[in-house]
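Below you'll find the structure, written out as C-alpha coordinates, and then a few comments.
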Number of protein chains: 2
Amino acid sequence: MILTRLTNLRKSKRWSLQYTADRLGIAKSTYAGYESGHRRPSLEAIAQIADLFDTSTDYILGRVDHQAPQLDDDTSVPCMELTELSTLNLSVDGLSLSKEEMQQFIAFIRAKRQLEGKTT
Amino acid sequence: MILTRLTNLRKSKRWSLQYTADRLGIAKSTYAGYESGHRRPSLEAIAQIADLFDTSTDYILGRVDHQAPQLDDDTSVPCMELTELSTLNLSVDGLSLSKEEMQQFIAFIRAKRQLEGKTT
DNA sequence: TAAAATGTACGCGTATTGCGTAAAATGGTC
DNA sequence: GACCATTTTACGCAATACGCGTACATTTTA
(Lines give C-alpha, C1' and ligand atoms only; values in the text may rest on other atoms or scores of the structure.)
Protein backbone atom coordinates (compact mmCIF):
# COMPACT_ATOMS: atom_id res chain seq x y z
CA MET A 1 0.00 0.00 0.00
CA ILE A 2 1.29 3.44 -0.94
CA LEU A 3 0.86 5.68 2.06
CA THR A 4 1.44 8.95 0.27
CA ARG A 5 -1.41 8.23 -2.09
CA LEU A 6 -3.76 7.70 0.79
CA THR A 7 -2.73 10.97 2.37
CA ASN A 8 -2.85 12.85 -0.90
CA LEU A 9 -6.32 11.57 -1.69
CA ARG A 10 -7.56 12.87 1.61
CA LYS A 11 -5.74 16.18 1.45
CA SER A 12 -6.88 16.82 -2.10
CA LYS A 13 -10.37 16.90 -0.62
CA ARG A 14 -9.17 19.01 2.31
CA TRP A 15 -10.52 16.53 4.79
CA SER A 16 -9.20 16.00 8.29
CA LEU A 17 -8.41 12.59 9.72
CA GLN A 18 -11.39 12.94 12.02
CA TYR A 19 -13.84 13.74 9.25
CA THR A 20 -12.50 10.99 7.02
CA ALA A 21 -12.66 8.45 9.81
CA ASP A 22 -16.24 9.50 10.54
CA ARG A 23 -17.22 9.03 6.91
CA LEU A 24 -15.68 5.57 7.02
CA GLY A 25 -17.27 4.75 10.34
CA ILE A 26 -14.00 3.97 12.09
CA ALA A 27 -11.98 5.60 14.82
CA LYS A 28 -9.75 8.51 13.99
CA SER A 29 -6.70 6.73 15.34
CA THR A 30 -7.50 3.75 13.20
CA TYR A 31 -7.55 5.70 9.99
CA ALA A 32 -4.50 7.65 11.09
CA GLY A 33 -2.77 4.31 11.52
CA TYR A 34 -3.45 3.54 7.87
CA GLU A 35 -1.81 6.69 6.64
CA SER A 36 1.14 6.39 8.98
CA GLY A 37 1.70 2.78 8.03
CA HIS A 38 1.36 1.53 11.60
CA ARG A 39 -1.87 -0.20 10.74
CA ARG A 40 -3.19 -1.77 7.58
CA PRO A 41 -6.83 -1.59 6.54
CA SER A 42 -8.88 -4.69 6.08
CA LEU A 43 -10.13 -5.60 2.64
CA GLU A 44 -13.50 -4.07 3.40
CA ALA A 45 -11.87 -0.94 4.74
CA ILE A 46 -9.70 -0.40 1.69
CA ALA A 47 -12.69 -0.93 -0.59
CA GLN A 48 -14.64 1.67 1.36
CA ILE A 49 -11.71 4.04 1.18
CA ALA A 50 -11.52 3.58 -2.57
CA ASP A 51 -15.23 4.34 -2.81
CA LEU A 52 -14.92 7.39 -0.61
CA PHE A 53 -12.09 8.85 -2.65
CA ASP A 54 -13.48 7.84 -6.04
CA THR A 55 -10.53 5.70 -6.96
CA SER A 56 -9.62 2.03 -7.13
CA THR A 57 -8.10 -0.36 -4.65
CA ASP A 58 -5.43 -1.05 -7.24
CA TYR A 59 -4.40 2.59 -7.15
CA ILE A 60 -4.16 2.69 -3.38
CA LEU A 61 -2.19 -0.52 -3.41
CA GLY A 62 0.11 0.83 -6.08
CA ARG A 63 -0.83 -1.71 -8.72
CA VAL A 64 -1.77 0.99 -11.19
CA ASP A 65 -0.55 4.56 -11.41
CA HIS A 66 -3.64 6.52 -12.32
CA GLN A 67 -6.19 7.59 -9.83
CA ALA A 68 -9.35 7.13 -11.87
CA PRO A 69 -11.35 4.00 -11.09
CA GLN A 70 -12.27 1.40 -13.66
CA LEU A 71 -15.56 2.20 -15.30
CA ASP A 72 -16.96 -1.28 -15.73
CA ASP A 73 -18.22 -0.64 -19.21
CA ASP A 74 -16.44 0.24 -22.43
CA THR A 75 -13.36 -1.74 -21.55
CA SER A 76 -13.79 -4.96 -23.43
CA VAL A 77 -16.00 -3.50 -26.11
CA PRO A 78 -15.52 0.23 -26.36
CA CYS A 79 -18.82 2.00 -26.93
CA MET A 80 -18.94 5.71 -27.45
CA GLU A 81 -20.69 8.44 -29.32
CA LEU A 82 -18.20 10.36 -31.43
CA THR A 83 -20.19 13.57 -31.55
CA GLU A 84 -20.33 13.78 -27.78
CA LEU A 85 -16.66 13.23 -27.13
CA SER A 86 -14.77 16.37 -26.31
CA THR A 87 -11.39 14.79 -25.86
CA LEU A 88 -10.39 11.46 -27.22
CA ASN A 89 -7.41 9.98 -28.92
CA LEU A 90 -8.26 7.77 -31.84
CA SER A 91 -5.49 6.91 -34.20
CA VAL A 92 -5.13 5.46 -37.69
CA ASP A 93 -1.85 3.87 -38.65
CA GLY A 94 -0.34 5.15 -35.44
CA LEU A 95 -1.16 8.79 -36.19
CA SER A 96 -3.76 10.29 -33.91
CA LEU A 97 -6.74 11.97 -35.43
CA SER A 98 -7.11 15.71 -35.21
CA LYS A 99 -10.36 17.35 -34.28
CA GLU A 100 -10.78 18.44 -37.87
CA GLU A 101 -10.43 14.90 -39.06
CA MET A 102 -13.01 13.77 -36.55
CA GLN A 103 -15.45 16.41 -37.73
CA GLN A 104 -14.76 15.54 -41.33
CA PHE A 105 -15.46 11.94 -40.55
CA ILE A 106 -18.73 12.74 -38.82
CA ALA A 107 -19.79 14.85 -41.79
CA PHE A 108 -18.67 12.06 -44.07
CA ILE A 109 -20.83 9.52 -42.30
CA ARG A 110 -23.85 11.80 -42.20
CA ALA A 111 -23.59 12.53 -45.89
CA LYS A 112 -23.19 8.88 -46.73
CA ARG A 113 -26.23 7.91 -44.69
CA GLN A 114 -28.34 10.58 -46.28
CA LEU A 115 -27.40 9.32 -49.71
CA GLU A 116 -28.21 5.76 -48.76
CA GLY A 117 -31.53 6.83 -47.33
CA LYS A 118 -32.47 8.50 -50.57
CA THR A 119 -31.34 5.79 -52.94
CA THR A 120 -32.71 2.85 -50.98
CA MET B 1 -14.47 -10.31 -1.59
CA ILE B 2 -16.27 -12.49 -4.08
CA LEU B 3 -15.32 -16.06 -3.38
CA THR B 4 -16.66 -17.53 -6.58
CA ARG B 5 -14.43 -15.26 -8.62
CA LEU B 6 -11.39 -16.45 -6.76
CA THR B 7 -12.30 -20.05 -7.38
CA ASN B 8 -13.19 -19.44 -11.00
CA LEU B 9 -9.92 -17.65 -11.67
CA ARG B 10 -8.01 -20.62 -10.35
CA LYS B 11 -10.13 -23.22 -12.08
CA SER B 12 -9.98 -21.41 -15.38
CA LYS B 13 -6.26 -22.08 -15.25
CA ARG B 14 -6.87 -25.65 -14.09
CA TRP B 15 -4.71 -25.19 -11.06
CA SER B 16 -5.05 -27.09 -7.81
CA LEU B 17 -5.15 -25.43 -4.42
CA GLN B 18 -1.75 -26.87 -3.67
CA TYR B 19 -0.16 -25.55 -6.83
CA THR B 20 -1.74 -22.14 -6.42
CA ALA B 21 -0.63 -21.90 -2.82
CA ASP B 22 2.89 -22.87 -3.83
CA ARG B 23 2.99 -20.16 -6.46
CA LEU B 24 1.86 -17.67 -3.83
CA GLY B 25 4.31 -18.98 -1.27
CA ILE B 26 1.66 -19.78 1.33
CA ALA B 27 0.20 -22.93 2.84
CA LYS B 28 -2.47 -24.84 0.98
CA SER B 29 -4.87 -24.54 3.89
CA THR B 30 -4.30 -20.81 3.94
CA TYR B 31 -5.25 -20.32 0.32
CA ALA B 32 -8.11 -22.75 0.71
CA GLY B 33 -9.31 -20.57 3.55
CA TYR B 34 -9.52 -17.65 1.14
CA GLU B 35 -11.72 -19.49 -1.30
CA SER B 36 -13.93 -20.95 1.39
CA GLY B 37 -14.33 -17.62 3.08
CA HIS B 38 -12.95 -18.80 6.42
CA ARG B 39 -9.89 -16.62 6.01
CA ARG B 40 -9.29 -13.33 4.28
CA PRO B 41 -6.08 -12.54 2.48
CA SER B 42 -3.91 -9.67 3.56
CA LEU B 43 -3.49 -6.70 1.26
CA GLU B 44 -0.21 -8.05 0.00
CA ALA B 45 -1.73 -11.47 -0.54
CA ILE B 46 -4.64 -10.18 -2.57
CA ALA B 47 -2.29 -8.10 -4.69
CA GLN B 48 -0.17 -11.17 -5.37
CA ILE B 49 -3.27 -13.14 -6.23
CA ALA B 50 -4.35 -10.45 -8.68
CA ASP B 51 -0.92 -10.59 -10.27
CA LEU B 52 -0.97 -14.35 -10.45
CA PHE B 53 -4.34 -14.46 -12.16
CA ASP B 54 -3.77 -11.43 -14.39
CA THR B 55 -6.63 -9.45 -12.96
CA SER B 56 -7.21 -6.57 -10.57
CA THR B 57 -7.82 -6.40 -6.87
CA ASP B 58 -11.00 -4.49 -7.66
CA TYR B 59 -12.30 -7.46 -9.61
CA ILE B 60 -11.57 -9.93 -6.82
CA LEU B 61 -13.16 -7.58 -4.32
CA GLY B 62 -16.21 -7.17 -6.54
CA ARG B 63 -15.73 -3.48 -7.15
CA VAL B 64 -15.74 -3.95 -10.91
CA ASP B 65 -17.29 -6.69 -13.01
CA HIS B 66 -14.75 -7.35 -15.69
CA GLN B 67 -11.75 -9.50 -15.16
CA ALA B 68 -9.18 -7.58 -17.18
CA PRO B 69 -6.80 -5.44 -15.18
CA GLN B 70 -6.39 -1.75 -15.70
CA LEU B 71 -3.78 -0.94 -18.29
CA ASP B 72 -2.43 2.24 -16.74
CA ASP B 73 -3.09 4.29 -19.84
CA ASP B 74 -6.22 4.90 -21.92
CA THR B 75 -8.53 5.43 -18.98
CA SER B 76 -9.36 9.09 -18.73
CA VAL B 77 -8.67 9.82 -22.38
CA PRO B 78 -9.66 6.92 -24.62
CA CYS B 79 -6.76 6.06 -26.86
CA MET B 80 -7.09 3.39 -29.48
CA GLU B 81 -5.89 2.40 -32.86
CA LEU B 82 -8.84 2.02 -35.19
CA THR B 83 -7.14 -0.36 -37.58
CA GLU B 84 -6.32 -2.80 -34.80
CA LEU B 85 -9.77 -2.96 -33.27
CA SER B 86 -11.73 -5.98 -34.31
CA THR B 87 -14.84 -5.26 -32.29
CA LEU B 88 -15.77 -1.84 -31.11
CA ASN B 89 -18.90 0.18 -30.99
CA LEU B 90 -18.49 3.73 -32.13
CA SER B 91 -21.61 5.66 -32.99
CA VAL B 92 -22.53 8.86 -34.77
CA ASP B 93 -25.87 10.49 -34.00
CA GLY B 94 -26.82 7.44 -32.00
CA LEU B 95 -26.35 5.04 -34.89
CA SER B 96 -23.46 2.67 -34.43
CA LEU B 97 -20.90 2.44 -37.17
CA SER B 98 -20.78 -0.65 -39.29
CA LYS B 99 -17.52 -2.34 -40.17
CA GLU B 100 -17.82 -1.03 -43.68
CA GLU B 101 -18.17 2.50 -42.43
CA MET B 102 -15.10 2.04 -40.27
CA GLN B 103 -13.09 0.78 -43.21
CA GLN B 104 -14.37 3.57 -45.37
CA PHE B 105 -13.30 6.05 -42.77
CA ILE B 106 -9.84 4.56 -42.48
CA ALA B 107 -9.48 4.70 -46.24
CA PHE B 108 -10.78 8.23 -46.16
CA ILE B 109 -8.17 9.32 -43.63
CA ARG B 110 -5.36 7.60 -45.49
CA ALA B 111 -6.32 9.18 -48.78
CA LYS B 112 -6.63 12.58 -47.19
CA ARG B 113 -3.22 12.32 -45.59
CA GLN B 114 -1.61 11.23 -48.80
CA LEU B 115 -3.07 14.22 -50.57
CA GLU B 116 -1.88 16.55 -47.84
CA GLY B 117 1.54 15.07 -47.97
CA LYS B 118 1.75 15.76 -51.70
CA THR B 119 0.28 19.23 -51.66
CA THR B 120 2.15 20.45 -48.59
C1' DT C 1 -9.79 -51.74 -6.11
C1' DA C 2 -5.78 -49.34 -4.57
C1' DA C 3 -3.23 -45.34 -4.62
C1' DA C 4 -2.44 -40.74 -5.40
C1' DA C 5 -4.13 -36.28 -5.59
C1' DT C 6 -7.29 -32.82 -4.61
C1' DG C 7 -10.51 -30.44 -1.65
C1' DT C 8 -12.44 -29.42 3.15
C1' DA C 9 -12.49 -28.62 8.04
C1' DC C 10 -10.68 -27.98 12.82
C1' DG C 11 -7.45 -26.16 16.75
C1' DC C 12 -3.86 -23.61 18.29
C1' DG C 13 -0.05 -20.08 18.83
C1' DT C 14 0.93 -15.85 17.53
C1' DA C 15 0.70 -11.59 15.03
C1' DT C 16 -1.89 -7.72 14.34
C1' DT C 17 -5.86 -5.12 14.29
C1' DG C 18 -8.96 -1.39 16.19
C1' DC C 19 -9.85 1.55 19.81
C1' DG C 20 -9.22 4.90 23.62
C1' DT C 21 -6.23 8.05 25.44
C1' DA C 22 -2.74 11.41 25.45
C1' DA C 23 1.15 14.02 23.72
C1' DA C 24 3.11 16.74 19.80
C1' DA C 25 2.37 19.82 15.93
C1' DT C 26 -0.03 22.98 13.09
C1' DG C 27 -2.65 27.17 12.11
C1' DG C 28 -5.28 31.25 13.00
C1' DT C 29 -6.21 35.61 16.03
C1' DC C 30 -5.00 39.34 18.83
C1' DG D 1 5.29 36.52 20.74
C1' DA D 2 1.37 34.34 23.45
C1' DC D 3 -2.84 31.92 23.31
C1' DC D 4 -6.20 28.62 21.93
C1' DA D 5 -8.62 25.36 18.80
C1' DT D 6 -7.90 22.04 15.63
C1' DT D 7 -5.28 18.60 13.56
C1' DT D 8 -1.82 15.08 13.58
C1' DT D 9 1.06 11.55 15.66
C1' DA D 10 2.21 8.04 19.01
C1' DC D 11 1.46 4.48 22.77
C1' DG D 12 -0.76 0.42 25.32
C1' DC D 13 -4.06 -2.96 25.71
C1' DA D 14 -7.84 -6.28 24.82
C1' DA D 15 -9.70 -9.00 21.30
C1' DT D 16 -9.92 -10.52 16.78
C1' DA D 17 -8.50 -13.64 13.26
C1' DC D 18 -4.53 -14.97 10.48
C1' DG D 19 -1.45 -18.67 8.94
C1' DC D 20 0.00 -23.05 9.68
C1' DG D 21 -0.04 -28.04 10.61
C1' DT D 22 -2.78 -31.80 10.77
C1' DA D 23 -6.44 -34.88 9.82
C1' DC D 24 -10.47 -36.28 7.26
C1' DA D 25 -13.48 -36.48 2.99
C1' DT D 26 -13.69 -36.56 -1.91
C1' DT D 27 -12.28 -37.15 -6.52
C1' DT D 28 -9.16 -38.83 -10.08
C1' DT D 29 -5.72 -41.99 -12.14
C1' DA D 30 -3.77 -46.39 -13.03
Side-chain angles (χ1 to χ4, degrees), chain A residues 1-70, chain B residues 1-70:
Chain A
M1 191 174 64
I2 298 185
L3 306 178
T4 55
R5 287 189 179 173
L6 209 53
T7 304
N8 288 337
L9 284 167
R10 177 176 60 85
K11 293 200 168 174
S12 69
K13 298 205 173 229
R14 313 212 168 189
W15 290 354
S16 68
L17 292 171
Q18 182 72 68
Y19 177 77
T20 307
D22 289 344
R23 297 273 318 244
L24 293 169
I26 61 178
K28 170 185 57 177
S29 61
T30 299
Y31 180 77
Y34 299 161
E35 286 195 8
S36 68
H38 286 79
R39 295 287 182 274
R40 313 168 72 113
S42 67
L43 293 181
E44 294 151 351
I46 202 175
Q48 287 181 324
I49 291 171
D51 284 338
L52 188 62
F53 291 140
D54 293 314
T55 184
S56 66
T57 59
D58 290 283
Y59 176 73
I60 297 175
L61 293 175
R63 301 188 71 256
V64 300
D65 290 333
H66 59 272
Q67 183 177 329
Q70 298 191 60
Chain B
M1 191 173 64
I2 298 185
L3 307 178
T4 55
R5 288 190 178 173
L6 211 53
T7 305
N8 288 338
L9 284 167
R10 177 176 60 85
K11 293 199 169 175
S12 69
K13 298 209 173 224
R14 313 213 169 187
W15 290 353
S16 67
L17 292 170
Q18 182 73 66
Y19 177 78
T20 306
D22 289 345
R23 298 269 323 239
L24 293 171
I26 60 179
K28 172 184 60 175
S29 61
T30 299
Y31 180 78
Y34 299 161
E35 287 195 7
S36 69
H38 285 79
R39 294 287 182 273
R40 322 180 78 161
S42 66
L43 292 181
E44 293 149 353
I46 202 176
Q48 287 180 324
I49 291 171
D51 284 337
L52 189 62
F53 291 140
D54 294 314
T55 186
S56 67
T57 57
D58 289 283
Y59 177 72
I60 297 175
L61 292 175
R63 301 188 71 256
V64 301
D65 290 332
H66 59 273
Q67 182 177 330
Q70 298 192 62

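A note on names: the letters A, B, ... follow the listed sequences, proteins ahead of strands, and every chain is numbered from 1.
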Atom-pair distance ([atom1] on [X]; [atom2] on [N]), nearest Å:
X      : N       : atom1 : atom2 : answer
Y31(B) : dC18(D) : OH    : P     : 16 Å
R14(A) : dT6(D)  : CZ    : C1'   : 16 Å
D22(A) : dT6(D)  : CG    : P     : 14 Å
I26(B) : dG21(D) : CD1   : C1'   : 14 Å
Q18(A) : dC19(C) : CD    : P     : 12 Å

Would you please name every residue forming a salt bridge (Lys or Arg N to Asp or Glu O under 4.0 Å) with R39(B), sequence neighbours left out?
-> none
Salt bridge (Lys or Arg N to Asp or Glu O under 4.0 Å) filter on R40(A), not counting sequence neighbours, yields E44(B)
Steps toward side-chain contact (heavy atoms from CB on, under 4.5 Å) verdict (R5(B), I60(B)) = CA-CA 6 Å; R5(B) 288 190 178 173; I60(B) 297 175; 5.9 Å; no
Can you tell me how far [atom2] of [Y] sits from [atom1] of [X], rounded to the nearest 0.5 angstrom?
X      : Y      : atom1 : atom2 : answer
L9(B)  : I2(B)  : CG    : CD1   : 10.5 Å
Q48(B) : S42(B) : CD    : OG    : 7.5 Å
L6(B)  : Y34(B) : CG    : OH    : 9.5 Å
I46(B) : L43(A) : CD1   : CG    : 4.5 Å
R23(B) : Y31(B) : CZ    : OH    : 12.0 Å

Does the pair R63(A) and T57(A) meet the rule for a side-chain contact (heavy atoms from CB on, under 4.5 Å), with working shown?
-> CA-CA 8 Å; R63(A) 301 188 71 256; T57(A) 59; over 6 Å; no
Can you run down the salt bridge (charged side-chain N to carboxylate O under 4.0 Å, His left out) pairs that involve residues 11-21 of chain B, sequence neighbours left out, and say none if there aren't any?
-> K13(B)-D54(B)
Picking from T7(B), T20(B), N8(B), what satisfies side-chain hydrogen bond (donor to acceptor under 3.5 Å, both in side chains) with E35(B)?
->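 So the option named by the test is T7(B).
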Between its two end axes (five pairs each) the helix from dT1(C)-dA30(D) to dC30(C)-dG1(D) turns, nearest 10 degrees, through 50°
Atom pairs, protein N/O to nucleotides 27-30 of chain D N/O, distance under 3.5 Å:
none

Where along nucleotides 8-17 of chain C does protein come under 4.0 Å, by heavy atom, of base (B) or sugar-phosphate alone (S), with - for untouched nucleotides?
-> BB-BB----B
